[in-house]
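Hydrogens, waters and symmetry mates are skipped; everything else that's a heavy atom, side chains included, is used. Order of listing sets the numbers, starting from 1, for every ligand and every atom in it. Index from 1, following the sequence. Computed from a predicted structure; not experimentally measured.
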Amino acid sequence: MSRPDIPHRVDLLVVGSGPVGSAIARRVHDTVPSARILMVDLGPRLTERTGLHLHNLPVEERREPQTKSQGRDPATAPGEDGALAKKYADRGTHLLKPRREGEPEQDGMPAAVMSSNVGGMGVHWACTAPRPLDSERIPFLTDDELDAALEAAEALLTVAHDPFPRTPGGQLVLETLRDLFDHEYPEGRYPRPMPLACSPRPGTRPHWAGPDMILGPLADGEDSRFRIAAETICRRVLFEGNRATGVVLEHLPTGAEYTVRARAVAVAADPLRTPQLLWASGIRPDALAHYLNDQPKIVSSVRVENGPTAGTGAQGSVEFTGDIRDLETARFQVPFAAPGRPHHGQVITVDTSPVQGAEPGLFVGMVWYGVKEIQRSDRVEFSTSEADAYGMPKMTIHYTLTERDHEVIAQARADQERIAAALGSFLPGNEPALFPAGSSKHYQGSVRMGSTDDGTSVCDSSARVWGFENLYVGGNGVIPTATAVNPTLTSVALAVRTADAISAALLARF
Ligand SMILES: Cc1cc2nc3c(=O)[nH]c(=O)nc-3n(C[C@H](O)[C@H](O)[C@H](O)COP(=O)(O)OP(=O)(O)OC[C@H]3O[C@@H](n4cnc5c(N)ncnc54)[C@H](O)[C@@H]3O)c2cc1C
C-alpha cells in the first residue's frame, strides 16, 4: 500500500464523505469556480463510483462492501443473523461498543452505531426523506430560509414524492391509514406516500440515492479541484485564535501523517465522531456532545386479513435477506403533528411473506419514531486515557428516557395496535416493541445549532462553530429541535446553508 498524494494546502477541507460532507463539497465546488477541495474519510472506498448506494447492487454483491463498512473492531460488527442483528446494528454499520447480554436496553444507548466507509451511512440508508414539520423545524430560521434549503436538499438527494406504482394492497393500506388518522390532523395533512431519495424506474426497483447522487459528476472520478482521500482519518483540527488553520491527517494503512492547511474546515463526521474530533482538537464549547437526542423506535409487523389480499401480487414465501426494502411495494407516512401526534410513522407494504414458511399474502411493516424530550444530561463522554479502535478518545454515552418519552412510546404502540386491528393481526412475535436506544440511527443535538452563543449550542445558524471564523460542523448532530422525522433531508438542507456561507467567505477573499 503506497502513501496517497495529499495536497499541502486546500481552500476547503471536509471531514466525512456521507451525504452531509458530500453536499457541502458539491455545493462549494459548483459555486466557487477555483476552490480546491479535499474530502477525507477514515473508511475504505466501496465501489468504483464514489458513494453508490449498495442497494443498487444485486443482493449477492452487497455483503463484501457492507462488511468493509463495519469498522476495525470485529466485536462491534453485526452478527450474521441480519434480521435479529438489525435490532442492534444493521449490516454496513458497527456498534459504538460491543453488545453485552443482559445490559438494559434503554440506558446508555446500547444500539448506537456508525458506518466507516466512503459515503458513510448514506450508502446503506433507507432513503426516507420527509420534511420536518411544526416544532421539528428550526425556530430561528424563517420559513422561507428553511424551505429554500429543503428544496435544494431535495434536488441534491433526488427526492421522489410518490415513487411506487399503486397496487391494490398499497391502496388498501393507505385508505385504512386515512380512515384511522385523517381526523387527528390539521387541514391539509394526512397519511400519504413517503418521499424517498430515489429515481423511480418503471418495472423494476427504484435507483436509490447515495452520496454519489449528491456528488453528481464528482462521483465519477478525480477532478483537478476535488479529491477524496479514503482510509484517511482526521486526527485533529488545527487552529490559531479564532481561525482553523488546517488539519492533521493519518493514512491508516501506512500510518503516514500529513498536515494540510485549509482556508475553511467542515467537520461532517456523524453525530458521535464530529464532537469526538472537536474534543480531541481541544475545541470544547460548553454544549459539545450534550443534548444528545435519539428518536425512540417502535416496530411491529402485521399480516393483512381484513381486505382484498387476493391479487395483491403475492408470490409465496421468500428467504428474508435481512432487508425489507428488497420486498417492499409501497411506503407510506403517518406524519408528525405538534402537539397531538408526536411521532413520524413509516408503513411499508410487502406483497409477499418476509417470514420463511408463512402463508403468502399482504404484510405491513411499521416503524414509528417518537420525539425525545431533550436533556442536557444525555451526552457523550470522551475518555482522557482510553482510545477507541481508531485511536481516538473512547466514547461513553449517558442517556435515559423520561416519563414524557414513555408516554410518547405508549401512544406509538397504541397507533400500531389500531392499524393491526383494522388490517388483520400482528405476526406472532412481531407485536409493537420498543427497540434499544440508538437503534433509530437518527442521533441529533451533539453539535446543535443555536441563535446565540449562550452555552446551549455549539454553532450558529450556518453551522459555524461559535467563536470561529472558518470552522463548520455538519450532520444530524447540528439539529437542535426534538424531531420524529427521519433527519437526513434536514441535515443536508442545513449543509446547503453551510456551503453557501463557506462559498461566500471564500469568494470574498479570492
Ligand atoms: C441502515 C440505515 C438506514 C437509514 N435510513 C435512513 C432513512 O431512511 N432516512 C434518514 O433520514 N436517515 C436514515 N439513516 C441515517 C442516515 O444514513 C444518516 O442520517 C446520514 O447518513 C448522515 O449523513 P452524514 O454525512 O452526516 O454522516 P455519515 O453518513 O454517518 O458519514 C460520516 C462519515 O464520517 C466519517 N468519519 C468519522 N470520523 C472521521 C474522522 N475523524 N476522519 C475522517 N472521517 C471520519 C465516517 O467514516 C463516515 O463515512 C439510516 C442509516 C442506516 C445505517
Side-chain angles (χ1 to χ4, degrees), residues 13-25 39-46 51 53-55 66 69-71 78 82 86 89-94 113-130 132 153 157 159 194-198 208-211 214 228-237 247-250 252 266-278 280-281 295 322-323 325 331 344 346 348 367 369 388 390-393 439-444 447 473-479 483 485-492 494-495:
L13 189 301
V14 182
V15 182
S17 63
V20 171
S22 297
I24 295 172
M39 185 157 76
V40 300
D41 202 293
L42 57 74
R45 177 182 278 279
L46 304 178
H53 196 297
L54 296 184
H55 274 257
Q66 283 173 334
S69 310
Q70 293 172 181
K86 275 167 76 77
D90 294 77
R91 290 194 183 121
T93 68
H94 56 105
V113 291
M114 43 208 140
S115 293
S116 295
N117 54 277
V118 169
M121 284 190 181
V123 307
H124 309 287
W125 73 314
C127 297
T128 304
L157 286 165
V159 173
M194 184 73 85
L196 298 175
C198 69
W208 301 106
I214 297 173
I228 298 182
E231 297 183 90
T232 302
I233 190 169
C234 180
R235 293 248 172 248
R236 242 171 329 127
V237 175
V247 293
V248 175
L249 305 177
E250 180 187 337
L252 292 169
V267 183
D270 82 40
L272 302 176
R273 291 179 287 188
T274 293
Q276 181 191 48
L277 178 56
L278 263 55
S281 308
Q295 300 165 344
D323 201 309
R325 280 173 289 170
R331 212 182 298 179
H344 177 79
Q346 178 164 297
I348 295 177
V367 181
Y369 296 110
D388 66 15
Y390 288 89
M392 297 296 279
S439 54
S440 76
K441 302 169 285 292
H442 297 166
Y443 325 129
Q444 297 160 68
V447 286
V473 282
N476 301 337
V478 163
I479 299 173
T483 69
V485 83
N486 314 60
T488 307
L489 177 75
T490 307
S491 296
V492 171
L494 298 176

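Polar contact check, T488 against ligand 1: a nitrogen or oxygen pair lies under 3.5 Å apart. The shortest N or O to N or O distance between G474 and ligand 1 is not under 3.5 Å. In terms of polar-atom proximity, defined here as any N/O pair under 3.5 Å, N476 does make such a contact with ligand 1. In terms of polar-atom proximity, defined here as any N/O pair under 3.5 Å, A126 does make such a contact with ligand 1. Between C234 and ligand 1, a contact under 3.5 Å exists for at least one N or O pair. Backbone and side-chain nitrogen or oxygen atoms of S17 are examined, and none is located within less than 3.5 angstrom of a nitrogen or oxygen of ligand 1. Residue-to-ligand polar distances place T128 within reach of ligand 1: an N/O pair is separated by less than 3.5 Å. Considering backbone and side-chain N/O of M121, one or more are found under 3.5 Å from N/O of ligand 1. Residue-to-ligand polar distances keep I233 apart from ligand 1: every N/O pair is separated by 3.5 Å or more. Taking distance alone, with nitrogen or oxygen atoms compared against 3.5 Å, L277 stays at or beyond that limit from ligand 1.
Look at M392 and you'll find every heavy atom at least 4.0 Å from all atoms of ligand 1. Ligand 1 is approached by C127 to a heavy-atom distance shorter than 4.0 Å.
Contact check for I214 versus L157: side-chain heavy atoms found under the 4.5 Å cut-off. Taking the side chain as every heavy atom from C-beta outward, T128 and L196 approach each other to under 4.5 Å. With contacts defined as side-chain heavy-atom distances shorter than 4.5 Å, the pair V113/M121 qualifies. Two residues are said to be in side-chain contact when any heavy atoms from C-beta on lie closer than 4.5 Å; S116 and R273 meet this criterion.
Under 3.5 Å, the side chains of H124 and S69 contain a donor-acceptor pair of N or O atoms.
For ligand 1 and G16, the ligand atoms under 4.0 Å from any heavy atom of the residue are 33 (C), 34 (O), 35 (C). Shown in contact with G475 at under 4.0 Å from a heavy atom are these atoms of ligand 1, numbered in order with element: 26 (O). Every atom of ligand 1 is numbered from 1 in the order shown, and the set under 4.0 Å from a heavy atom of S115 is 46 (C), 47 (O), 48 (C), 49 (O). Numbered from 1 in the order shown, with element, the atoms of ligand 1 that lie under 4.0 Å from a heavy atom of G18 read 25 (O), 29 (O), 31 (O). Interface atoms of ligand 1 facing D270, defined by a heavy-atom separation under 4.0 Å, are 30 (O), 32 (C). Counting atoms of ligand 1 from 1 in the listed order, those under 4.0 Å from a heavy atom of G120 are 29 (O), 31 (O), 48 (C), 49 (O). For ligand 1, the atoms sitting less than 4.0 Å from at least one non-hydrogen atom of T93 are 53 (C), numbered in the order shown with element in parentheses.
In D41, the parts holding a heavy atom less than 4.0 Å from any atom of ligand 1 are both the side chain and the backbone. At a heavy-atom distance under 4.0 Å, only backbone atoms of T232 (N, CA, C or O) approach ligand 1. Contact annotation for R273 and ligand 1: only side-chain heavy atoms (C-beta onward) come within less than 4.0 Å of the ligand. Residue H442 touches ligand 1 through its side chain alone, judged by heavy-atom distances below 4.0 Å. Proximity of N486 to ligand 1, defined as any heavy-atom pair under 4.0 Å, is shared by backbone and side chain alike.
Q444 places a side-chain N or O within 3.5 Å of a backbone atom of H442 that can act as its donor or acceptor partner. At distances below 3.5 Å, at least one donor-acceptor pair connects side-chain atoms of Q276 with backbone N or O atoms of P393. The main-chain N or O of G119 is found under 3.5 Å from a side-chain atom of S17 such that the two form a donor-acceptor pair.
Within the model, atoms CG of N476 and CD of Q295 stand 8.5 Å from one another, a figure rounded to the nearest 0.5 Å. Taking OG of S440 as the reference point, atom CG of N486 lies at 9.0 Å (rounded to 0.5 Å). Note that CZ of R235 and CE of M392 are 6.0 Å apart. Values are rounded to the nearest 0.5 Å. Atoms OG1 and NE2, from T483 and H344 in turn, are 10.0 Å apart once rounded to the nearest 0.5 Å. Atoms CE and CD1, on M39 and I228 in that order, are 4.0 Å from each other to the nearest 0.5 Å. Remark: Y443 OH to D270 CG distance equals 9.0 Å, nearest 0.5 Å.
Between A280, P271, A268, A23, it is A268 that holds the heavy atom closest to atom 32 (C) of ligand 1. Here the shortest heavy-atom distance to atom 45 (C) of ligand 1, taken over T274, V123, L42, L196, belongs to L42.
The environment of R236 atom CZ is sparse: at most 12 non-hydrogen atoms of other residues, nucleotides or ligands sit within 6.0 angstrom.
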